[in-house]
Amino acid sequence: MKYVIGNDHGGLDLVEVVKDELEKLGNEVDHVGAYEDKSVDYSDFAQKACEKVISCEADFAILICGTGIGMSIAANKIKGIRAAAVSEPFSARMSRAHNNANVLCIGARVIGSEIARMLVDEFVSTDFEGGRHQNRVNKLMDLEKNS
Ligand code: RB5
């Protein structure tokens, strides 16, 4: 699978860890920045990464900021994106299995590198279950159409 990573200065510390874990699991990884520890706006990088998902240049995005919250709010404003901000493995798994999330958001000021690796592992290795969850995801997409 193709993954794209986007981060702000608050997420910089986890970029290499996430990239390494994704590659270990056999994925191709693109990185749209930020590349240095200079204050930037997370929404710019959420947009850059999510546009790659929407255009099918990437299958999934992983967004990293200080908390994961700003990135998830920004990403969820983009049509077709289902972003989940999570900080423990069960929710990372469920975000794929039940919500068909296509973007994982994590906070580098909230979790350490080993939890980050676990979140990535769960997200990467879990498929959407479909069935009754498909109906619910369809309704999420309808909310976008009607807003
Ligand atoms: C940047 O200081 C911080 O606000 C940002 O990384 C993120 O945590 C926002 O949600």
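First listed ligand is number 1; within each ligand, the first listed atom is number 1.
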For [atom], grab the closest protein heavy atom and report residue, atom and distance to one decimal in Å.
| atom | answer |
| --- | --- |
| atom 5 (C) of ligand 1 | D8 OD2, 3.2 Å |
| atom 10 (O) of ligand 1 | G70 N, 2.8 Å |
| atom 8 (O) of ligand 1 | T67 N, 3.0 Å |
| atom 9 (C) of ligand 1 | Y42 CE2, 3.5 Å |
| atom 1 (C) of ligand 1 | H9 NE2, 3.6 Å |

* Per-atom contacts, ligand 1 versus C65 - under 4.0 Å to a heavy atom ->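 Counting from 1, the qualifying ligand atoms are 6 (O), 7 (C), 8 (O), 9 (C), 10 (O).
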
* Asked: Under a single-linkage definition using a 4.5 Å side-chain heavy-atom cutoff for Ile, Leu, Val, Met, Phe, Trp and Tyr, are L104 and M94 assigned to the same hydrophobic cluster?
  ->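 Each belongs to a different hydrophobic cluster.
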
* Single-linkage hydrophobic cluster F45~I73, side-chain heavy atoms < 4.5 angstrom ->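 Hydrophobic grouping puts F45 apart from I73.
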
Atom [atom1] of [X] and atom [atom2] of [Y]: how far apart are they, to the nearest 0.5 Å?
| X | Y | atom1 | atom2 | result |
| --- | --- | --- | --- | --- |
| C50 | M71 | SG | CE | 9.0 Å |
| N7 | K19 | CG | NZ | 12.5 Å |
| D8 | D41 | CG | CG | 8.5 Å |

* Check if R109 has a non-hydrogen atom at a distance under 4.0 Å from any atom of ligand 1. =>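 The answer is yes: ligand 1 sits under 4.0 Å from a heavy atom of R109.
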
* Asked: If you measure every N/O of G10 against every N/O of ligand 1, is any gap under 3.5 Å?
  ->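 In fact, backbone or side chain, G10 has no N or O that close.
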
* ligand 1 N/O within reach of G66 N/O, cut-off under 3.5 Å ->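 Yes, there is a polar N/O contact under 3.5 Å.
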
* Asked: Between L63, V29, I5, L119, which is the residue that forms a side chain to side chain contact (heavy atoms under 4.5 Å, CB included) with V18?
  ->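 It is I5, the one option of L63, V29, I5, L119 that forms the side chain to side chain contact (heavy atoms under 4.5 Å, CB included) with V18.
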
* May I ask you to decide if the ring planes of F60 and F123 are parallel, tilted or perpendicular, using 30° and 60° as cut-offs? =>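 Rings of F60 and F123: perpendicular, over 60°.
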
